[in-house]
Protein chains: 2
Amino acid sequence: MSNNNKLPTIKEIAKRLNVSASTVSRALHDHPSIGLVTTMRVHKVAKELGYEANKMAIYFKERKTYTIGVIIPDLSEPFFSAALTGVEDAAEASNYNVIIGQSLDNFEREKKIVENMKDHRVDGVLVSLTKETSTYEHFDSLKKYNIPVVFFDRVPNRKDINYVACNLVSGMLQAITKLVGIGHSRIGLINGPAKLAATLQRLEIYFRCLKENNLPMDQDIIVSTTLAKADNKKAINKLLGLEEPPTAVIVFNDYVLLDCIAAVKAAGLVVNKDISFISFANLPIWEYMDSVPLGSIEQFANKQSSMAAEFLFKMINNANKPNSAELPLLQHIIDSEMIDYSLAK
Amino acid sequence: MSNNNKLPTIKEIAKRLNVSASTVSRALHDHPSIGLVTTMRVHKVAKELGYEANKMAIYFKERKTYTIGVIIPDLSEPFFSAALTGVEDAAEASNYNVIIGQSLDNFEREKKIVENMKDHRVDGVLVSLTKETSTYEHFDSLKKYNIPVVFFDRVPNRKDINYVACNLVSGMLQAITKLVGIGHSRIGLINGPAKLAATLQRLEIYFRCLKENNLPMDQDIIVSTTLAKADNKKAINKLLGLEEPPTAVIVFNDYVLLDCIAAVKAAGLVVNKDISFISFANLPIWEYMDSVPLGSIEQFANKQSSMAAEFLFKMINNANKPNSAELPLLQHIIDSEMIDYSLAK
DNA sequence: TTGTATGCGTTATCAG
DNA sequence: CTGATAACGCATACAA
């Protein structure tokens, strides 16, 4: 006698009252066409039986799941857990559920997750891409199932997509201008792996901001890392080992920077005295650290993801309308700012 | 012409081949009763049409969703994001999906999330409780829907539940013994809010370990905090302000400890010289910090949650068997260990 | 070897 | 006002 007591259904109620299932259904929805007495009797029995509509049946009929999927590289990165929270909030407001998939920066996993979400017929998908992702057929294939996709933060390098991303130009410009203002003229760059779209972006902005500040460009002080710990250290040490090292460095992101700081200390140097850093992301732990970067350029995890979620719901709702015109592409770029930690300390 | 092209169904295939839907269904499953030719023709057409079974229909029929829900307080805590990852891994292995709900340590939210997960007919629920949760009717109610529940880490103070938790005794004993070994005899405690089950647990273990090490107990060096930042500082400052402050302190968790360290520095004191700390959880950022605790007692987020997930799947599978005997309660307590950071530096 | 009928729980359409 | 029927997509017991 463990689990055989099935949940009450409309049919149950109908049987008890000797009315038809459709009557019960309508009564439960207080449909005006049903007589007051009948309606009340139905409600009464429903309550007695503890009846609750089986949403799965309704969803099945509606061909909807009221569930969206979120695909992100790695939840252990605060950026993405914040992003997920943003999505969850937006979803909750729209009465949607969120199913989650971590790609772990692995392209094959990403594909598998997409496949799985398609199987579960999610009503839409939010994605922040893998480092490895450079083809997008697996997302394109979702169109066949009328599953809309919105990308955020790590977005494909294509024009025909819906996305929300961050424009890091203003922040970077602000940062470099600040560095120049306090006397720096030799500003290096530790960039990411070439695969990542952000890497190219960083490089372009870097060049642009140097130019706007009339600084010379020197290939020697531009290095890159695969983002692996050892490689991060190698990158910073390469800069430190130069005949004329940079006095400030723009770093690909906060995680790389953590390793840089450790390497600087290991070399017997002092952060913000011998060398200063500005990076991207704004890790929540800086406030507890001794050697904080001079600044960090916000990527607004939460803002990006919740806006992406709103886009997605807009698309989902549009698709549900009977004579829906094709929605124009939803694209937004959030302006970033530099956060000045040096002032905070 | 946006979305009206419906997906191919079994009926479609049947129509094209002038056979019945059931034949198609069986052929697609390579049922032996279907003739080879028919089977092949079905497969061929299925491929042409790009047919894929609508899993939602199957799930509906099976009265299953192949989805489990995870309710955790806050994803921004590395502990819980690690826990979620553990669940996701376990779920993936069993071909399940994970829908997620953050209670934000708010009891009402927790109730709402449970309600929502029930509506979505998840096959099971994993929970780490809110700080505020002291009644469990909302979970008990899931029994009615045959939705099994397994708790982890923050578990109800009840015997009739399925859970996985951490036994912090051995770690704490190890920690205090170590402190005693390096000369500490006045070991304080910064405990959490009385609401949390863990608070009482910590206190008990603390007493027990002091006793085992023949240390006196002094109420003056036992303080507590609501876990709010300001309160954390107040707690440590109270200890520091004592006539005879403790030389070592066991702290409720790593987050509290971060604030303690900041306060110690602010007071012009030096961690591990003037005062030493041991706490609970093992935050991944310690390796980048200058003032690391002497040790931390592992709570094994990943291990707890993935084991809890396995329990859950066991229950789910058991419920699916036709003549399933009631499963005994699944309970496990993981032995914790002290992680020695001082050696790592 | 294949087809028919039925059911999962609900709602919409059409009749009465 | 209410009921019968069909449909969502699939699987299976039962017939043939």
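Letters go in sequence order (proteins before strands), and every chain restarts at 1.
Residue A:Ser25 places no side-chain N or O under 4.0 Å from the OP1 or OP2 atom of C:dT10. Residue B:Ser20 places at least one side-chain N or O closer than 4.0 Å to OP1 or OP2 of C:dG3. OP1 or OP2 of C:dC8 lies within a sub-4.0 Å distance of a side-chain N or O belonging to A:Lys11. Taking 4.0 angstrom as the limit, A:Thr23 places a side-chain polar atom (N or O) nearer than this to OP1 or OP2 of D:dG3. Applying the 4.0 Å criterion to OP1 and OP2 of C:dT10, one finds that A:Arg26 has every side-chain N and O outside that range. Within the 4.0 Å cut-off from OP1 or OP2 of C:dT10, at least one side-chain nitrogen or oxygen of A:Tyr51 is found.
Contact of A:Ser33 with D:dT2 (side chain to base): no donor-acceptor pair of N or O atoms is detected under 3.5 Å.
With rounding to whole Å, B:Arg63 atom CZ is found 14 Å from D:dT12 atom P. Whole-Å rounding puts the A:Asn54 CG to D:dC8 P distance at 19 Å. Remark: P of C:dG9 and CZ of B:Arg121 are 10 Å apart, rounded to the nearest angstrom. As a whole-Å value, the separation of B:His29 NE2 from D:dA13 P is 13 Å. Between A:Asn18 atom CG and D:dC1 atom P the separation is 20 Å, expressed in whole Å. D:dG9 atom C1' lies 12 Å from atom CG of B:Leu28, rounded to whole Å. Atom CG of B:Leu7 and atom C1' of D:dA7 are 17 Å apart (whole Å). Note: CD1 (A:Ile58) to P (C:dT10) measures 7 Å, nearest angstrom.
No side-chain heavy atom of B:Leu329 sits less than 4.5 Å from a side-chain heavy atom of B:Tyr163.
Within 4.0 Å of A:Ala53, counting heavy atoms only, lie sugar-phosphate atoms of the nucleic acid but no base atom. In this structure, B:Ser22 reaches the bases: a heavy-atom distance under 4.0 Å links it to at least one base atom across the strands shown.
Between B:His31 and B:Phe60, the residue whose closest nucleotide on DNA chain C is further toward the 5' end is B:His31.
Between A:Tyr66 and A:Tyr96, the angle of the ring planes lies from 30° to 60°, which puts this pair in the tilted group.
Applying the side chain to side chain contact (heavy atoms under 4.5 Å, CB included) rule to A:Asn106 yields the partners A:Glu108, A:Arg109, A:Glu132; only residues at least two apart in sequence or on another chain are considered.
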Please table the atom pairs, donor to acceptor, closer than 3.5 Å between any side-chain atom in residues 134-141 of chain B and protein atoms at least two apart or in another chain.
residue, atom, partner, partner atom, Å
B:His138, NE2, B:Glu110, OE1, 2.9
B:Asp140, OD1, B:Arg158, NH2, 3.2
B:Asp140, OD2, B:Arg158, NH1, 3.4
B:Ser141, OG, B:His138, O, 2.9

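Taking the charged nitrogens against the carboxylate oxygens, B:Lys303 and B:Asp153 have no contact shorter than 4.0 Å, which rules out a salt bridge.
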